[in-house]
Amino acid sequence: MRASSSRGLSTAAKAPVGDSMLALSGAEFLLSMVEARWAARNGDTRKMDSQLKTQQELEKIAEQLAKLEALPGQNEDTRGQIQQLHERVHALESQLAVPSATWLKIELARHPQRPHTLEYIERIFTDWSEIHGDRGFGDDPAMVCGMARFRGEEVMVLGTEKGRDTKQRVFRNFGLPNPEGYRKALRVMKIAEKFSRPVISLVDVTGANPGVGAEERGQAEAIARNLRDMSRLQVPIVTAITGEGGSGGALAIAVADRVLMMENAMYSVISPEACAAIMWRDSSKKEFAAEALHITASDLDRFGCIDEIIREPEGGAHTDPAAAAELLAESLHKNLVQLKTIPIPQLLAARYDKFRRMAQFFQTEP
Amino acid sequence: MAWFKRQSGELDATGEKKVRTEGLWVKCENCRQIIWKKDLEDNLQVCPKCEKHFRIDARARLAQLLDDDQYETFDGNLVSTDPLQFTDLKSYSSRLAQAQAETGLTDAVINARGKLNGRPVIVSAMEYSFIGGSMGAVVGEVITRAIEEAGRTKTPLVIVSASGGARMMEGVISLMQLAKISAALARLDEARVPYISVLTDPTTGGVTASFAMLGDLNLAEPGALIGFAGPRVIEQTIRQKLPQGFQRSEFLLEHGMLDAVVSRKDLKPYIARALDFMAA
């Protein structure tokens, strides 16, 4: 899957295209912020344009339909055409009628003030000692790992960190992990396994990293290995999707006994912008794509892909980070306590069954 | 006065005498050589001049790998239920129906039991022409069943990948297939059943980031596009042309991501050799 339009770059798809995200330079990022502010103040003209276009196309189709249907002696071809036009009308109308609740959630999930992984770590854990490096290539600042104490208990904590200010964001590569990040994560999980300490992972990642280096060093292999080895890691694993859960980059640290998701977080196979650029050939259709992809916590819960939704303070986690951290800690604690009572062989069997039975949306043809 | 006179008023335009050349020749995209189609077929769809490996469908792949073109397919009756009711400019259900009509398959993979140089094997072959070989709930389930069947019967497993990655139209459902398949492969690994992954043109996205890279051996055909992020996405990101051969099999071999690049005609003997080593 890849984006075909270069428009994705210059306009709305500032973020992700393909399975992953377009990293922005600092200047572009600032520019995008200014743009966003401007759009918020003046109403999103881009959106209005696309609405207008849709409206115009609908009118044109209505004309065509009227002509076609008025034709005497319809043959197979014209009936086919009419059918097609009706389908198109249906698709266009659904685009016009799209509610924006989903998009609001996505904006909350990406809110610049939303608490990040390191902030949660600071608020929830004590005695944090960071562990660096994958013992192979380097250290990835986009993935933070370390030993910590959680309500008196030793745990291994890991997660993706986007960074707060521009300098931090560049240092953390906007939270886009490189292969060594996934490998570091797996390495610390194996340390936890060796010493029988539970693993807690916090996910807030736009996606995997679309870069030459990441491909050269085999990010696909790194993700795949994490998926396989997490499924058999002999300690309890709890994952919380706190912000963005972007495709393979998120899943690579989210094969867990319990997958929790914060109320305004998102979890998707592809970003709405990239999906719109590919399927609608227009990245400004991101809101429709977001709707079509079903990526909110309640969608994921309905599909049975997560275990629990964590409530957030009114207005989103950024309005009261302390309260958000408390709610997250509460849920992590509750699940960890439950998991610790389960003997490891049963825990592993249950983890396997959970993913084995997940997302079974097919039927058997006779 | 006319110099020439037409002999008969009617021209014979019935087309009976036309020499038909359409469809008999193909042009190699790589070396631009015109090849007689029969030559190409005899050479397993590999250009005789430049060794360019043309894409082949899942059935042709099974015929090449399994003895005497004899195999039994299984789990070929699963159909997607379109969990998201996904519609972009066209509905997913109509895309599915079209792909099913064109390929005669219910989804983008075929599971088969057969023999490879006399040794029983299970082969899962992906079909790229079915919505880009993309992986949704059905592909995920069919491949998982192949893995489980291999584990249950202690039969070596070969998965031939040809896919653009996860199927966008099934959203996060597609993503979860990566975890499911990888977990099943962990069990196969523990049961010490051989698993050979064959990566063919193209293998990208979620397929590379799960089973394609988890083989005991990861083999690839020459010149296949293999990667996670697509080359165009990377080009847009770094804003420069990618070097020639980036994300091709040979590039991955050089960077240590593949065990071998094997040409199509050597693929079957190579796998047979590996299974001699791995299976008792």
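Every chain is numbered from 1, with letters handed out A, B, ... down the list of sequences. Atoms considered below: every heavy atom in the structure, side chains included; atoms not considered: hydrogens, waters and symmetry mates. All values derive from a computational prediction rather than experimental measurement.
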Any non-hydrogen side-chain atom of B:Gln85 less than 4.5 Å from a side-chain atom of A:His294?
no
Measure A:Arg232 against the heavy atoms of chain B and call it side chain, backbone, both or neither at under 4.5 Å.
side chain
Heavy-atom side-chain contact between A:Gln360 and B:Glu141 under 4.5 Å
yes
Looking at side-chain heavy atoms only, is the closest gap between B:Met176 and A:Tyr267 below 4.5 Å?
yes
Checking heavy atoms, do the side chain of B:Phe211, its backbone, both or neither come under 4.5 Å from chain A?
neither
Name the region of B:Ala184, side chain, backbone, both or neither, that has any atom closer than 4.5 Å to a heavy atom of chain A.
both
From CD (A:Glu221) to NE2 (B:His255), nearest 0.5 Å:
14.0 Å
Does any part of the side chain of B:Leu84, heavy atoms only, come nearer than 4.5 Å to the side chain of A:Phe361, both counted from C-beta?
no
So which of B:Leu78, B:Val79, B:Val142 actually passes side chain to side chain contact (heavy atoms under 4.5 Å, CB included) with A:Phe362?
B:Leu78
Let me see the working for B:Ile234 and A:Val212 under side chain to side chain contact (heavy atoms under 4.5 Å, CB included), right down to the final yes or no.
CA-CA 7 Å; B:Ile234 300 173; A:Val212 173; 4.1 Å; yes
Has the side chain of A:Gln363 got a donor or acceptor atom that lies under 3.5 Å from a matching backbone atom of B:Thr81?
no
Scored by heavy-atom pairs under 4.5 Å with chain A, the best of B:Ala179, B:Gly227, B:Gly136 is B:Ala179
When the 4.5 angstrom heavy-atom criterion is applied to B:Gln177 and chain A, the contacting part is side chain
